[in-house]
Amino acid sequence: MKIAFLGTPEFALPSLDMLERSGHALGVFTQPDRPVGRHAVLTPPPTKVYAEAHGIPVFQFEKIRLPEGVQALRAFAPDLMVTAAFGQILSAENLAIPQYGCINVHGSLLPKYRGAAPIQWAVINGETETGITTMLTDVGMDTGDILLVDRVAIGENETAGELFERLSVLGAETLRRTIAALEAGTLVRTPQNESQATKCPMLKKEHGKIDFTKTTREVHNLVRGTNPWPGACALLEGEPLKVHITRLSTLDFGSAPFGTLKGDAKTGLFVRCNDGWLEIVELQASGAKRMNAKDFLKGHPLVGKLLA
RNA sequence: CGCGGGGUAGAGCAGUUGGUAGCUCGUCGGGCUCAUAACCCGGAGGUCAUUGGUUCAAGUCCAAUCCCCGCAA
């Protein structure tokens, strides 16, 4: 089958790799190269790097729904489109091009967590289960008919980054089965239950701001869900402090204002939240590299100070 | 050349107007103790990122270079 693969970041790579190994004729449509990092180095998206290494043609458009993109897609003449974390909205015109339509690989159990950052929000909200849904893309935001679903449990300490990696691998498998069913003519379409639908917003920097009036579990979930990006952060004496890893703890340092720090270089660093004390395992001060909280304590007397 | 912080003992940090290199933790040895991750005493461990310059004297002042990181995009 001739497939137009629309995907951008690492999440899309296992799916792309699966399609390549399955011998489909591929074309990769992805976002333009973007400036990355402190020195704004123009960096190609991972799917482009993969495609070039495997001799797959690459097409990059700012907006594929604009005439230029539509024209290129039509010229490529795919039988099927596949999207995985593409990051652009497709138009009806785009979707009408391939005869089999467009299959999207989505990192949630639809109709829950429609939108841009389903994996992170599932962790932030403390979900214990998520998964991969393949769906037939329509013009709405993740509203198309459901094809196949695979479920996975979310670990108590699992970070969004770790879950991302697991789901990207699972996504390739779910996609493989979906296409196999399509080719066998056994694919079943199930409309989404609109009454169960939830939407999650794109994750922004400010979503990482920790609120210590919340419970230890809620803060822990935020730290996990924003790791590795954008990272959870708080203010220590006016300076930003990133909190990379936390652990739920049963240690009790008594009552104290929310955000109060306790502990030492041996037992670890703990911060007061609404219902108890959360251990901060790994952190990063402004200008410093990330380190163990215990190491940080050796050179920074923090006990009694306040995080805000 | 977007703004900014930083490279000092194994780890995390301090080091004031240039004048013998310090703290906490770890480590090693000894002591105390029923015992200990606790406490006491002692020891080892540094080309102060690199190169050049100023000076009687540079971790400290000047210049250049390399590396790490935060913010902004």
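Computed from a predicted model, the values in this text were never measured in an experiment. In what follows, chains carry the letters A, B, and so on, assigned in the order in which the sequence lines appear, proteins first and then strands, with residues in each chain numbered from 1.
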Mind calculating the distance between [atom1] ([X]) and [atom2] ([N]) to the nearest angstrom?
X: Leu283(A); N: G12(B); atom1: CG; atom2: C1'; result: 11 Å
X: Arg290(A); N: C71(B); atom1: CZ; atom2: P; result: 13 Å
X: Asn292(A); N: C25(B); atom1: CG; atom2: P; result: 17 Å
X: Lys298(A); N: G10(B); atom1: NZ; atom2: P; result: 13 Å
X: Phe296(A); N: G12(B); atom1: CZ; atom2: P; result: 12 Å
X: Asp295(A); N: G26(B); atom1: CG; atom2: C1'; result: 10 Å

Counting side-chain heavy atoms from CB outward, which of [options] is closest to [X]?
X: Lys205(A); options: C69(B), A72(B), U24(B); answer: A72(B)
X: Ala288(A); options: G10(B), C13(B), A38(B); answer: C13(B)
X: Lys289(A); options: C68(B), C71(B), A11(B); answer: C68(B)
X: Lys266(A); options: C13(B), A37(B), G70(B); answer: A37(B)
X: Met291(A); options: C69(B), C13(B), C71(B); answer: C13(B)

Inset, instruction - With RNA chain B as reference, determine whether Ala265(A) or Ala285(A) sits nearer its 5' end, using the nearest nucleotide of each. - result: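 Its nearest nucleotide lies further toward 5', so the answer is Ala265(A).
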
For nucleotides [N] and [M], find the distance between their [atom1] atoms and express it as a whole number of Å.
N: G5(B); M: C62(B); atom1: P; result: 14 Å
N: G7(B); M: U50(B); atom1: P; result: 13 Å
N: G18(B); M: U55(B); atom1: P; result: 16 Å
N: U17(B); M: C61(B); atom1: C1'; result: 12 Å
N: U27(B); M: U36(B); atom1: P; result: 15 Å
N: A9(B); M: G45(B); atom1: C1'; result: 6 Å
N: U16(B); M: A21(B); atom1: C1'; result: 15 Å
N: U33(B); M: A37(B); atom1: P; result: 15 Å

[N] OP1/OP2 closer than 4.0 Å to side-chain N/O of [X]:
X: His300(A); N: C13(B); result: yes
X: Gln284(A); N: G70(B); result: yes
X: Lys294(A); N: U24(B); result: no

Legend entry - Closest non-hydrogen atom pair between Thr133(A) and Leu110(A), with its separation: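 The answer is OG1-N, 3.1 Å.
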
Legend entry - Pair Glu127(A), Tyr113(A): side-chain N/O donor-acceptor within cut-off below 3.5 Å: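 Glu127(A) vs Tyr113(A): donor-acceptor pair found between side chains.
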
Legend entry - Candidate pair Asn221(A) and Arg224(A), rule side-chain hydrogen bond (donor to acceptor under 3.5 Å, both in side chains), full reasoning: CA-CA 5 Å; Asn221(A) 291 343; Arg224(A) 295 190 296 134; 2.7 Å; yes

Legend entry - Sugar-phosphate, base or nothing in reach of Arg38(A), heavy atoms under 4.0 Å: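 Base: the residue Arg38(A), judged by heavy atoms under 4.0 Å, touches a nucleobase.
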
Inset, instruction - With heavy atoms under 4.0 Å as the rule, sort Glu239(A) into base, sugar-phosphate or nothing. - result: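 Since no nucleic acid heavy atom lies under 4.0 Å of Glu239(A), the category is nothing.
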
Legend entry - Arg166(A) bridged to Glu158(A) by N-O distance under 4.0 Å: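 Yes, Arg166(A) and Glu158(A) are salt-bridged.
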
